[in-house]
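When a ligand or atom number is given, it counts from 1 through the structure's own listing order.
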Amino acid sequence: MKFSRPQQLPPYILGEIVRMMREARKQGEDVINLGMGNPDLPTPEPIVEKMIEATRKPHNHRYSLSRGIPNLRRSICNWYRRHHDVKLDVESQCIVTMGAKEGLSHLILAITEPGDVVLVPNPSYPIHIYSMVIAGAHPEPIIATESLTIADIEAAIQRAPKPPKGILLSFPSNPTGQTIDKEFFTQVIALAKQHNMWVIHDFAYAHLVFDGYRAPSILEIPGALDVAVEITSLSKSHSMPGWRVGFVCGNPDMVAALAKIKSYYDYGMFQPIQIAAIVALDQCEQYIDGIVDIYKSRRDELCDGLNRIGWNVAKPNATMFVWAKIPEPFQSMGSMEFCKLLLNEGKVAASPGVGFGEYGEGYVRFALVENEDRIQQAVQGIKRVLRSGPKKS
Ligand SMILES: Cc1ncc(COP(=O)(O)O)c(C=O)c1O
């Protein structure tokens with residue numbers, strides 16, 4: 001049998017390196033995994049404890065609410081007030097989702113029509129591009145290999161085959177690590193209003209920030225609620241990737257569209273997870289600093305190490321990734337072949353830039369999901385590869 005929708009999706013390039021890494025490990029190789037951005041730190045204990053306590057109560061075993069229990073929605077609204085001075089209405093401007101990914105995918109399904117054009121950065125987190133494809137919309141690339149500017153967005157509007165309906169952005173960015181200031185978002189909102197576009201901002205790395213940088217929420221911009229929603233997640237800030245907790249907040253029409261679609265698809269996440277997520281948001285801010293410190297040390301270890309061995313990389317001031325231009329002698333191999341070489345000869349798994357879109361070609365992304373000793377070991381492996389030069393792996 002053949003089904004057209006899955007056929008429009010290319011093989012998941014990022015999964016190929018993971019598959020090869022597993023294969024090598026099965027053969028007894030010690031491969032350091034800087035590939036997939038799967039946080040390795042444990043979830044803070046009070047969140048786990050609350051989950052266990054809530055799971056023991058039979059009334060929490062029933063179907064929950066598709067849009068999330070009111071107390072959890074209240075907690076995320078309070079979070080926005082505390083961190084961003086943004087006031088949100090609990091009923092109309094906030095919905096709980098099963099991670100940012102589910103929220104984003106269903107939101108796109110809810111608000112686009114087949115053939116709609118939506119501006120999406122390239123390179124970007126793959127679901128940003130492919131949620132459009134799955135919904136039958138056309139993702140028009142905002143081409144920005146390292147640093148995305150307002151001029152890049154304007155160029156994409158000009159290039160688009162028809163007037164875009166919306167724009168999807170995400171800062172701090174995966175994979176590039178780019179951060180922006182509030183003025184950038186002010187211009188995005190102005191542009192969106194001028195061109196009659198909605199805006200989705202994926203804010204998954206809101207709190208993984210270093211060196212005194214503060215990531216602005218797009219909802220801080222006056223008038224943003226007229227056109228924009230923001231997606232947040234507990235996966236990275238609270239080290240809860242497996243729990244699947246996300247939120248979509250902002251424009252009430254967009255939130256209502258998502259709520260309606262979700263009311264058909266799901267009954268909300270397991271209630272003990274929602275109750276534990278309230279503890280995460282209300283009582284666990286002190287743990288975020290510890291998580292951030294760990295990622296920062298790992299960033300320093302990797303970037304200092306790579307610079308020492310002659311691979312010049314910039315230190316990102318946010319996210320859990322290092323986006324590195326492939327050194328000149330290896331450029332012509334392409335990012336996939338270079339990552340295979342890193343894996344086979346250096347025993348290091350990294351993500352090929354092309355896995356984030358065609359304009360990511362020429363780069364690799366390292367995820368900071370191993371400890372500092374392992375990162376040091378990875379740098380030694382990479383050094384071996386750089387020393388021995390390009391070859392087919
Ligand atoms: C930009 C971005 N958005 C969303 C996610 C996934 O978030 P969640 O675990 O909440 O689905 C990731 C994970 O890597 C990401 O990089």
Side-chain angles (χ1 to χ4, degrees), residues 12-15 17-18 33-41 43 47 68 72 76 79 94-109 120-132 134 139 142 144 148 167-180 199-209 215 217-218 229-249 258 262 265-266 268-270 273-274 276-277 280-281 288 291 295 316 318-323 349-351 353 355-357 360 365-369:
Y12 200 62
I13 294 178
L14 300 177
I17 292 290
V18 174
N33 183 11
L34 306 182
M36 194 180 165
N38 189 353
D40 61 316
L41 304 172
T43 301
I47 304 170
L72 178 52
I76 189 68
W79 176 278
C94 168
I95 181 169
V96 180
T97 62
M98 295 174 192
K101 227 174 167 185
E102 182 271 324
L104 174 72
S105 314
H106 283 145
L107 178 60
I108 296 301
L109 202 57
V120 186
N122 191 317
S124 75
Y125 183 52
I127 194 66
H128 291 171
I129 299 171
Y130 290 105
S131 58
M132 307 297 165
I134 292 168
I142 305 169
L148 189 155
I167 173 165
L168 196 166
L169 294 171
S170 182
F171 296 103
S173 160
N174 172 16
T176 66
Q178 184 189 350
T179 55
I180 44 82
V199 183
I200 297 174
H201 180 235
D202 180 346
F203 204 23
Y205 298 94
H207 296 277
L208 286 198
V209 292
S217 155
I218 200 166
V229 290
E230 188 161 73
I231 305 179
T232 49
S233 163
L234 298 187
S235 294
K236 316 291 161 130
S237 56
H238 292 75
S239 215
M240 296 172 67
W243 298 61
R244 317 306 302 126
V245 186
F247 305 92
V248 173
C249 296
L258 174 60
K262 277 176 66 63
Y265 274 140
D266 70 66
M269 67 177 87
F270 187 41
I273 295 180
Q274 299 189 56
L281 288 166
I288 298 178
I291 291 170
Y295 284 120
T319 76
M320 49 191 288
F321 306 112
V322 173
W323 183 239
S351 296
F356 302 94
R365 190 202 70 178
F366 295 105
L368 302 167
V369 292

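- The CD1 atom of Ile47 sits 9.0 Å away from the OG atom of Ser239 when rounded to the nearest 0.5 Å.
- Remark: distances from the non-hydrogen atoms of Ser170 to ligand 1 include one below 4.0 Å.
- The nearest protein atom to atom 3 (N) of ligand 1, hydrogens excluded, is given as Asp202 OD2, 2.6 Å; this is a heavy-atom distance.
- In this structure, the protein non-hydrogen atom closest to atom 15 (C) of ligand 1 is Tyr205 OH, 3.4 Å.
- Looking at ligand 1, you'll find an N or O of Ser233 within less than 3.5 Å of one of its N or O atoms.
- When each atom of ligand 1 is checked for a heavy atom of Ser235 under 4.0 Å away, the hits are 8 (P), 9 (O), 10 (O).
- Given atom 7 (O) of ligand 1, the protein heavy atom at minimum distance is Ala100 CB, 3.6 Å.
- Residue Ser235 comes nearest to Pro39 through the heavy atom pair O-CG, 3.9 Å, listed as atom of the first residue, atom of the second, then distance.
- For the residue pair Cys94 and Ile76, the shortest heavy atom distance occurs at SG-CG2, 3.2 Å.
- The aromatic rings of Phe356 and Trp323 sit perpendicular, their planes meeting at an angle over 60°, well past the 30° parallel limit.
- Residue Ile291 comes nearest to Ser237 through the heavy atom pair CD1-O, 3.4 Å, listed as atom of the first residue, atom of the second, then distance.
- Of all atoms in ligand 1, listed by their number and element, those nearer than 4.0 Å to a heavy atom of Lys101 are 11 (O).
- Taken to the nearest 0.5 Å, the OG1 atom of Thr179 stands 14.5 Å off from the OH atom of Tyr205.
- Close approach to Ala204 involves these atoms of ligand 1, each under 4.0 Å from a residue heavy atom: 2 (C), 3 (N), 4 (C).
- Considering backbone and side-chain N/O of His128, none are found under 3.5 Å from N/O of ligand 1.
- The protein heavy-atom contact nearest to atom 13 (C) of ligand 1 is Lys236 NZ, 2.9 Å.
- Here's the thing with Gly99: none of its N/O atoms is less than 3.5 angstrom from an N/O atom of ligand 1.
- Smallest separation of non-hydrogen atoms from Ala280 and His238: O-NE2, 3.1 Å.
- Crowding of Tyr12 atom OH: a count of heavy atoms from other residues, nucleotides or ligands under 6.0 Å exceeding 12.
- Here the protein heavy atom with the shortest distance to atom 6 (C) of ligand 1 is Tyr125 OH, 3.4 Å.
- The CZ atom of Phe321 lies 8.5 Å from the OH atom of Tyr125; values are rounded to the nearest 0.5 Å.
- Atom 11 (O) of ligand 1 has Arg244 NH2, 2.7 Å as its closest protein atom, hydrogens excluded (heavy atom only).
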